[in-house]
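Here is the structure we will look at.
Below, all heavy atoms of this structure are taken into account, side chains as well, without hydrogens, waters or symmetry copies. Sequential numbering from 1 along the given sequence is applied to the chain's residues.
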Amino acid sequence: MKPLYTTEAISTGDARSGRAHLADGSLDFDLAMPREMGGKGGDGANPEQFFALGYAACFHSALKLVASEERVDVSDSSVSARVTIGNDDQGGFELKVALEVSVPHLLMVDARKLAQKAHSICPYSKATRGNIEVTVDVVEV
């Protein structure tokens, strides 16, 4: 890999109920374990939310890149990433991701082809491939 950009995030305090911030100071968050996982919930983000934000934005960028190469209109497009954490069979945890892609100005068949191409080049998709379940669905708005 030829590096283009590197960022650093730091977790402090009580892990999922502590704080997370970027080394450059541009983002700083309180963390809160979700009630569904035995936490107090309330104000604060969690790692699954960060992962969902990153995956949605990265996949959307990949979609726009593929669309520009194919010269198709993806204006008003959107990508939703639902990240789920749950127990695995070994007593630990695992993630799964459901991506929903909306491309209003394309026929569904063309939007599906575009989404699959985006899935093949998106760095998050590459990182998760073979490691966690990721589904990609194209939805109508």
* Asked: Do the side chains of Leu22 and Asp28 get nearer than 4.5 Å, heavy atoms only?
  -> no

* Asked: With side chains defined as the heavy atoms from C-beta onward, is the minimum distance between Phe51 and Val97 less than 4.5 Å?
  -> yes

* Structure fact -> dist Ser80:OG -> Asp137:CG (nearest 0.5 Å) comes out at 10.5 Å

* Compare every heavy atom of Gly42 with every heavy atom of Ala32, then report the nearest pair and how far apart it is. => CB-O, 4.3 Å

* Quick one: pull up OG in Ser77 and CG in Leu106 and give me the separation to the nearest 0.5 Å. => 9.0 Å

* Working to the nearest 0.5 Å, report the span between CZ of Arg129 and OG of Ser120. => 7.0 Å

* To do: Could you tell me whether the side chain of Asp14 and the main chain of Gly18 form a donor-acceptor pair under 3.5 Å?
  => no

* By side chain to side chain donor-acceptor pair (under 3.5 Å) - contacts of Glu70 (at least two apart) -> Lys117

* Structure fact -> Contacts satisfying salt bridge (charged side-chain N to carboxylate O under 4.0 Å, His left out) that involve residues 37-53 (not counting sequence neighbours) are Arg16-Glu48

* Asked: Is a side-chain donor or acceptor of Asp88 paired with a backbone partner of Gly91 at a separation under 3.5 angstrom?
  -> yes

* Structure fact -> Minimal heavy-atom distance between Phe59 and Ala115, with the atoms involved, is CZ-O, 3.4 Å

* Between His119 and Tyr55, what is the shortest heavy-atom contact and its length? -> CE1-OH, 3.9 Å

* Asked: Looking only at heavy atoms, what is the nearest atom pair of Ser75 and Pro104, with distance?
  -> O-CD, 4.2 Å

* To do: State which residues pass side chain to side chain donor-acceptor pair (under 3.5 Å) with Glu94; sequence neighbours excluded, sorted by chain then number.
  => none

* Asked: How many angstroms lie between CD in Glu36 and OG1 in Thr84, if you round to the nearest 0.5 Å?
  -> 11.0 Å

* Side-chain donor/acceptor of Gln49 to backbone N/O of Asn46, under 3.5 Å -> yes

* Asked: Below 4.5 Å, heavy atoms only, C-beta onward: do Val72 and Asp110 meet side chain to side chain?
  -> no

* Asked: Taking C-beta and beyond as the side chain, do Lys96 and Val134 meet within less than 4.5 Å on heavy atoms?
  -> no

* Asked: Between OG of Ser11 and CZ of Phe29, what distance do you get to the nearest 0.5 Å?
  -> 13.0 Å

* **Flag for Ser78-His60: side-chain donor and acceptor within less than 3.5 Å** => no

* Answer whether the closest heavy-atom distance between the side chains of Glu140 and Ser102 falls below 4.5 Å. => no

* Non-hydrogen side-chain atoms of Thr135 and Leu99 separated by less than 4.5 Å -> no

* Structure fact -> Correct closest heavy-atom pair for Val103 and Asp73 would be CG1-O, 4.0 Å

* Between Val101 and Val79, what is the shortest heavy-atom contact and its length? -> CG2-CG2, 4.4 Å

